[in-house]
**Student:** 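Before I ask anything, here is the structure I am working with.
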Amino acid sequence: MNIFDDFHARIAAVLDRIAGDGRLPKLDHARFVVEPPKDTTLGDLASNAAMVFAKEAKPHFSSPRELAVEICHALAETENVASAEVAGPGFINIRLKPKIFADVLRAALRDPANFGRVAKGRASALQGKVNVEFVSANPTGPMHVGHGRGAVFGDALANLLAFSGCEVTREYYINDAGAQVDVLARSAYLRYREALGEAITIPEGLYPGDYLKPVGAALAKAHGKTLVEKPESEWLPIVRAAAIDAMMEMIRDDLAALNITHETFFSERALHEQKNGVSDIDAAIDWLRAKGLVYEGRLPPPKGQLPDDWEDREQTLFRSTQFSDDVDRALKKSDGSPTYFAADIAYHKDKIDRGYDTLVDVWGADHGGYVKRMAAAVAALSDKRVTLDVKLCQLVKLMRAGEPVKMSKRSGDFVTLREVVEEVGVDAARFMMLYRKNDAPLDFDLAKVIEQSKDNPVFYVQYAHARGKSALRQALAAFPDIDLAAESLAEADLSRLVDEGELALAKIIAQYPRAVEAAAAAHEPHRVAFYLHELASVFHSHWNRGKDQPQLRFVKADDRQLTIARIALVSSLTVVLGSGLRLLGVSAPDEMR
RNA sequence: GACCCCGUAGCUCAGCCGGAUAGAGCAACUGCCUUCUAAGCAGUAGGUCGCAGGUUCGAAUCCUGCCGGGGUCGCCA
């Protein structure tokens, strides 16, 4: 139940009726909004409908206010409207009867799992099949904190979209082709020889981390000394495959520690494999070539700093400029092998062929320069049917009590994601990474996120949930026979909720469906985190009023019916906190210990 | 040189498909614990929304140009 949707529809109906009289043209209802007013004393809902359509209304309405007046008159006749007034240049401010908020609470209590879910067919952006590709860390070592941010972001976004009616696939693109997995293989090979008793030194350019030791040991166990005698061309594919498998297993474990699982793992290497003499990459390039979007040509040298080894040469190019990229992009390296971009084209073509309507790619900010060409490729490959939304996650700066944590990748002395999760816990790690817009840098303070105080938003929101549950326990202690089940509380006489603090809580609970929908449509999970923080704040505030005014406390030992009504309110609060935290992948504890 | 992101309170950031007096947390200051968990709450103070133009009835929000910070810039992934 979304009261904002409800009134959007009511206003749309009024506009249609006026249009039926010939006093307005057919209007695009998506242009106006119904939202909470800036100042809650103005009412419960506000709409800009009359102002947005001022131009269209001009022939029959001398001012936006005049149109607003007519809309208000019509709305005042509809259910649960206490008043509808025009304000300022033509705002429509609506005050609702408390009954509608009681209805909202009942909706939350009767179907806790689905409260806030976006109604089917509501928003066109929230339908169909969506592929969320995230993490896609190279399988060359353990995940670090930056990977973790993209991981948590992608996972929460997938949760949100699934909750909002999309059919969602979580996907991981394994970069298991190219030079760096060969480097991985050579590094693992050294560890293999080490496991056989050789003394090794790891040269510059190979991966020095200890995490390859078990891979070497496993290889030694499986192959004995047989690989030592083979030339690199023979051992490399064997070692590489084993090392990639081991790295992916490690990465999956790292992700599992954050409660993240992907439905699909897609191998880049598979795109390079020849089937009947043709790879998927060849096929994708041919497909584009048939559309006239691939040609042989020369690229101007990059401006600014010219690479040392720049050589002007003819190459295979994709006409990404036809899809508003800045230059056409190379598809083949100088040795004739496909570029990373060419593989990515084949990969995205595969996703499009699998029938997705929307593709979301979650990348690190250092890939920003890659967005335009990928968007161009998806537009070309799908004839502009499929939209690609690339979400760039900015860097995470790891801090400890205000001081940056020193990290040096060179010495292998960097803090892994796993270490962070083990230190602060899944809940804190996830919440803090989502309590920031994805394109803003994030300071992650290891000391602060485990602090149990209101300064820590994770704790603050979880504490609100625990506090709510505590109130339910207290109610049961006072009235051992009451039924705390949500569906029973839904039958409470909610007209007993008349205090302004109680109503304020009900009103913000009523905003949950709107917050979820907006977050999902914008692909911005952080909005849910901020909403929950605000909800918690309203709750803590009301709770504390009970200190000076005992009659406002949730449990009234001398008034069973009032207690049940208030407990119903608290229960719907925990429903919403639980629902929102679940979307973020953060637990909602019944008590804080 | 080009492209992308960012610039909002002392600090960290919300708000941005235009809407009413620009918000929160921290830090500062003042109050509230014989408690349904003070692990919290109430209040005070703090702003040329980087600068300058433009569009509009209306701009933190959209457009243009600057300034500052970060990122990226044939074959890396």
Side-chain angles (χ1 to χ4, degrees), chain A residues 30-31 33 35 37-39 42 46 48 51-52 54 63-64 87-91 93 136-138 140 175 177-181 268 298-307 309-313 315 317 325-341 343-344 364-372 390 392 394-395 435-437 439-443 445 448 451-457 459-460 462-464 466-467 470-475 477-478 521-522 526-527 529-530 533-534 537 540-548 550 553-557 570 591-592:
Chain A
R31 281 168 57 200
V33 296
E35 57 190 0
K38 203 152 213 135
D39 181 350
L42 294 170
N48 60 356
M51 291 183 292
V52 165
S63 73
F91 285 102
N93 289 329
S136 302
N138 296 327
T140 54
N175 296 136
Q180 60 188 1
V181 284
E268 180 192 356
R298 288 172 191 281
L299 231 40
K303 299 276 165 45
Q305 206 171 6
L306 197 65
D309 56 349
W310 171 264
E311 110 185 69
D312 188 31
R313 71 175 182 92
Q315 50 189 346
L317 297 167
D325 197 359
D326 307 310
V327 285
D328 291 338
R329 302 293 178 174
L331 297 172
K332 295 272 176 75
K333 302 182 195 174
S334 53
D335 65 0
S337 64
T339 59
Y340 184 81
F341 180 49
D344 229 349
D366 53 340
H367 291 64
Y370 201 76
V371 174
K372 278 191 181 182
V390 178
L392 297 177
Q394 282 289 343
L395 298 179
Y435 196 62
R436 191 110 311 175
K437 227 172 6 183
D439 52 12
L442 170 67
D443 286 354
D445 195 312
K448 270 205 178 125
E451 194 174 297
Q452 299 210 334
S453 76
K454 69 186 162 73
D455 309 353
N456 179 354
F459 174 79
Y460 187 81
Q462 287 187 318
Y463 180 47
R467 214 174 210 186
S470 163
L472 297 184
R473 289 190 294 269
Q474 297 293 339
H526 77 276
R527 297 192 191 201
F530 277 90
H533 191 267
E534 194 187 342
S537 167
H540 287 311
S541 172
H542 180 61
W543 175 286
N544 259 64
R545 291 178 67 223
K547 204 174 297 297
D548 295 335
R553 297 183 179 188
F554 291 108
V555 178
K556 291 279 293 168
V570 174
E591 51 187 336
M592 306 296 283

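Each chain gets a letter, A, B and so on, in the order the sequences are listed, and its residues count up from 1.
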**Student:** Can you check nucleotides 13-15 of chain B for protein contacts, nitrogen or oxygen pairs under 3.5 Å, and list what you find?
**Tutor:**
| residue | atom | partner | partner atom | Å |
| --- | --- | --- | --- | --- |
| B/C13 | OP1 | A/Pro441 | O | 3.2 |
| B/C13 | O2' | A/Arg436 | NH2 | 3.2 |
| B/A14 | OP1 | A/Lys437 | N | 3.2 |
| B/G15 | OP1 | A/His526 | NE2 | 2.9 |
| B/G15 | OP2 | A/Lys437 | NZ | 3.4 |

**Student:** How many whole angstroms separate atom NZ of A/Lys448 from atom P of B/C11?
**Tutor:**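 Checked: the NZ to P distance equals 14 Å.
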
**Student:** Under the rule for salt bridge (Lys or Arg N to Asp or Glu O under 4.0 Å), what residues qualify as partners of A/Arg31, not counting sequence neighbours?
**Tutor:** A/Glu56

**Student:** In chain order, what residues pass the side-chain contact (heavy atoms from CB on, under 4.5 Å) check against A/Asp445, with sequence neighbours excluded?
**Tutor:**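 With sequence neighbours excluded, A/Asp445 shows a side-chain contact (heavy atoms from CB on, under 4.5 Å) to A/Met399, A/Ala447, A/Lys448, given in chain and number order.
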
**Student:** Is A/Leu42 touching bases, backbone alone, or none of the nucleic acid, heavy atoms closer than 4.0 Å?
**Tutor:** base

**Student:** Within less than 4.0 Å of OP1 or OP2 of B/C41, is there a side-chain N or O belonging to A/Tyr460?
**Tutor:** yes

**Student:** Protein-nucleotides 45-47 of chain B N/O pairs closer than 3.5 Å?
**Tutor:**
none

**Student:** A/Asp312: which residues meet the side-chain contact (heavy atoms from CB on, under 4.5 Å) condition with it, sequence neighbours left out?
**Tutor:**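 Only A/Arg298, A/Trp310 meet the side-chain contact (heavy atoms from CB on, under 4.5 Å) criterion with A/Asp312.
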
**Student:** Using a 4.0 Å heavy-atom cut-off across all strands, classify A/Gly178 as base, sugar-phosphate, or nothing.
**Tutor:**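 Sugar-phosphate only.
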
**Student:** Choosing from B/C75, B/A60, B/C3, which nucleotide comes nearest the side chain of A/Lys333?
**Tutor:** B/C75

**Student:** Look at the side chain of A/Thr339 and the backbone N and O of A/Ala330, then say whether any donor-acceptor pair between them is shorter than 3.5 Å.
**Tutor:**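 Side chain of A/Thr339 to backbone of A/Ala330: a pair is present.
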
**Student:** For A/Asp328, give me all partners under salt bridge (Lys or Arg N to Asp or Glu O under 4.0 Å), at least two apart in sequence or on another chain.
**Tutor:**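 Partners of A/Asp328 by the salt bridge (Lys or Arg N to Asp or Glu O under 4.0 Å) criterion come out as none, since no residue qualifies.
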
**Student:** Output one line per pair: protein atom, nucleotide atom from nucleotides 69-71 of chain B, and distance, for all N/O pairs under 3.5 Å.
**Tutor:**
| residue | atom | partner | partner atom | Å |
| --- | --- | --- | --- | --- |
| B/G71 | O2' | A/Ala365 | O | 3.4 |

**Student:** Look at all strands and tell whether A/Glu311 reaches a base, only sugar-phosphate, or nothing, counting heavy atoms closer than 4.0 Å.
**Tutor:** base

**Student:** Any side-chain N or O of A/Ser541 under 4.0 Å from OP1/OP2 of B/C41?
**Tutor:**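 No, A/Ser541 has no side-chain N/O under 4.0 Å of OP1/OP2 on B/C41.
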
**Student:** Please report, rounded to the nearest Å, how far the P atom of B/C75 is from the CG atom of A/Leu299.
**Tutor:**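 Rounded to whole Å, this separation is 9 Å.
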
**Student:** Nearest nucleotide by nearest heavy atom, which residue falls closer to the 5' end of RNA chain B, A/Ala46 or A/Arg329?
**Tutor:**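 The 5'-side residue here is A/Ala46.
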
**Student:** Check this one for me: any side-chain N or O of A/Lys38 less than 4.0 Å away from OP1 or OP2 of B/A20?
**Tutor:** yes

**Student:** When the distance from CG of A/Asp326 to C1' of B/A2 is rounded to whole Å, what number comes out?
**Tutor:** 7 Å

**Student:** Suppose you measure atom C1' in B/C62 against the same atom in B/G19; what distance do you get, rounded to whole Å?
**Tutor:**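 B/C62 and B/G19 have their C1' atoms separated by 13 Å.
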
**Student:** Return the value, rounded to whole Å, for the distance between atom CZ of A/Phe341 and atom C1' of B/U72.
**Tutor:** 15 Å

**Student:** Does A/Lys332 have any salt bridge (Lys or Arg N to Asp or Glu O under 4.0 Å) partners at least two apart in sequence or in another chain, and if so, which?
**Tutor:**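 Partners of A/Lys332 by the salt bridge (Lys or Arg N to Asp or Glu O under 4.0 Å) criterion come out as none, since no residue qualifies.
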
**Student:** When the P atoms of B/G23 and B/G46 are considered, how many whole Å apart are they?
**Tutor:** 14 Å

**Student:** Say we look at B/G10 and B/C51: how far apart would their P atoms be, to the nearest angstrom?
**Tutor:**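 Between the two P atoms, the distance is 13 Å.
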
**Student:** Applying a 4.0 Å non-hydrogen cut-off, can you work out what A/Asp328 is touching in the nucleic acid: base, sugar-phosphate, or nothing?
**Tutor:** nothing

**Student:** Provide the closest heavy-atom pair for A/Leu331 versus A/Leu317 in the form atom of the first, atom of the second, distance.
**Tutor:**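 Closest approach of A/Leu331 to A/Leu317, heavy atoms only: CD1-C, 4.1 Å.
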
**Student:** Partners of A/Asn544 by side-chain contact (heavy atoms from CB on, under 4.5 Å), sequence neighbours excluded?
**Tutor:** A/Arg467, A/Lys547

**Student:** Quick one: sort the A/His526 and A/Phe530 rings into parallel, tilted or perpendicular, breaks at 30° and 60°.
**Tutor:**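 Perpendicular: the ring planes of A/His526 and A/Phe530 meet at over 60°.
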
**Student:** Judged by modelled atom types alone, do A/Ser337 and A/Asp335 share a side-chain donor-acceptor pair under 3.5 Å?
**Tutor:** yes

**Student:** Between atom CH2 of A/Trp543 and atom OG of A/Ser470, what is the distance when rounded to the nearest 0.5 Å?
**Tutor:**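 Reported to 0.5 Å precision, the distance equals 4.5 Å.
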
**Student:** Tell me: CG of A/Asn544 to C1' of B/G43, nearest whole Å?
**Tutor:**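 One finds 14 Å between C1' of B/G43 and CG of A/Asn544, rounded.
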
**Student:** Would you mind reporting whether A/Val371 and A/Leu392 have side-chain heavy atoms less than 4.5 Å apart?
**Tutor:**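 They are in contact (side-chain heavy atoms under 4.5 Å apart), so the answer is yes.
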
**Student:** Can you confirm whether A/His542 sits close enough to A/Phe554 that some side-chain heavy atom of one is under 4.5 Å from a side-chain heavy atom of the other?
**Tutor:** yes

**Student:** Report the glycosidic orientation of B/C33: syn if within 90° of 0, anti in every other case.
**Tutor:**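 What B/C33 shows is a syn base, its glycosidic angle lying within 90° of 0.
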
**Student:** Applying a 4.0 Å non-hydrogen cut-off, can you work out what A/Ser334 is touching in the nucleic acid: base, sugar-phosphate, or nothing?
**Tutor:**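 Base: the residue A/Ser334, judged by heavy atoms under 4.0 Å, touches a nucleobase.
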
**Student:** Can you check the A/Asn175 CG to B/A77 P distance for me, whole Å?
**Tutor:** 9 Å

**Student:** I want to verify a distance call: between B/C75, B/G74, B/A20, whose nearest atom is closest to the A/Thr339 side chain?
**Tutor:**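 Comparing B/C75, B/G74, B/A20 against the side chain of A/Thr339, the answer is B/C75.
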
**Student:** Suppose we screen for side-chain contact (heavy atoms from CB on, under 4.5 Å). Which residues come up paired with A/Asp439, at least two apart in sequence or across chains?
**Tutor:** A/Lys437

**Student:** Of the nucleotides B/G74, B/A77, B/C41, which has the atom closest to the A/Arg313 side chain?
**Tutor:** B/G74

**Student:** A/Asn456 has an atom CG; how far is it from atom P of B/G25, in whole Å?
**Tutor:**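 Atom CG in A/Asn456 sits about 15 Å away from atom P in B/G25.
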
**Student:** Just checking A/Ala475: base, sugar-phosphate only, or nothing, at a heavy-atom cut-off of under 4.0 Å?
**Tutor:**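 The residue A/Ala475 makes no contact with any strand.
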
**Student:** For B/G15 versus B/C6, give the span between their P atoms, rounded off to a whole number of Å.
**Tutor:** 11 Å

**Student:** What integer distance in Å separates A/Met51:CE from B/C57:P?
**Tutor:**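 A/Met51 atom CE is separated from B/C57 atom P by 14 Å.
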
**Student:** Applying ring pair (Phe, Tyr, Trp, His ring centres under 6.0 Å), name anything that partners A/His533, two or more places apart in sequence or on another chain.
**Tutor:** A/Tyr435, A/Tyr460

**Student:** Of all the choices, B/C41, B/U37, B/C4, which nucleotide is nearest to the side chain of A/Lys372 once you look at every atom?
**Tutor:** B/C4

**Student:** Say we look at B/C5 and B/U48: how far apart would their C1' atoms be, to the nearest angstrom?
**Tutor:**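 Between the two C1' atoms, the distance is 25 Å.
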
**Student:** Is there a donor-acceptor contact under 3.5 Å from the side chain of A/Asn93 to the main chain of A/Pro37?
**Tutor:**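 Pair absent, no side-chain N/O of A/Asn93 close to backbone of A/Pro37.
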
**Student:** What's the closest nucleotide to the A/Phe91 side chain, out of B/G19, B/A77, B/U37?
**Tutor:** B/G19

**Student:** How does RNA chain B look in dot-bracket notation if pairs are Watson-Crick or G-U with both distances under 3.5 Å, crossing ones as [ ], other-strand ones as |?
**Tutor:** (((((((..((((.....[...)))).(((((.......))))).....(((((..]....))))))))))))....

**Student:** Considering only atom C1', compute the distance from B/G31 to B/A45 and round it to an integer number of Å.
**Tutor:** 15 Å

**Student:** On RNA chain B, compare the nucleotides closest to A/Ala179 and A/Gly546; which residue's is nearer the 5' end?
**Tutor:** A/Gly546

**Student:** Quick one: which of B/C32, B/C41, B/A20 gets closest to the side chain of A/His540?
**Tutor:** B/C41

**Student:** Which whole number of Å gives the distance between the P atom of B/A24 and that of B/C63?
**Tutor:** 28 Å

**Student:** How are the rings of A/Tyr370 and A/Tyr340 set to each other: parallel, tilted or perpendicular (split at 30° and 60°)?
**Tutor:** tilted

**Student:** P atom, B/A59 versus B/G53: distance in rounded Å?
**Tutor:** 14 Å

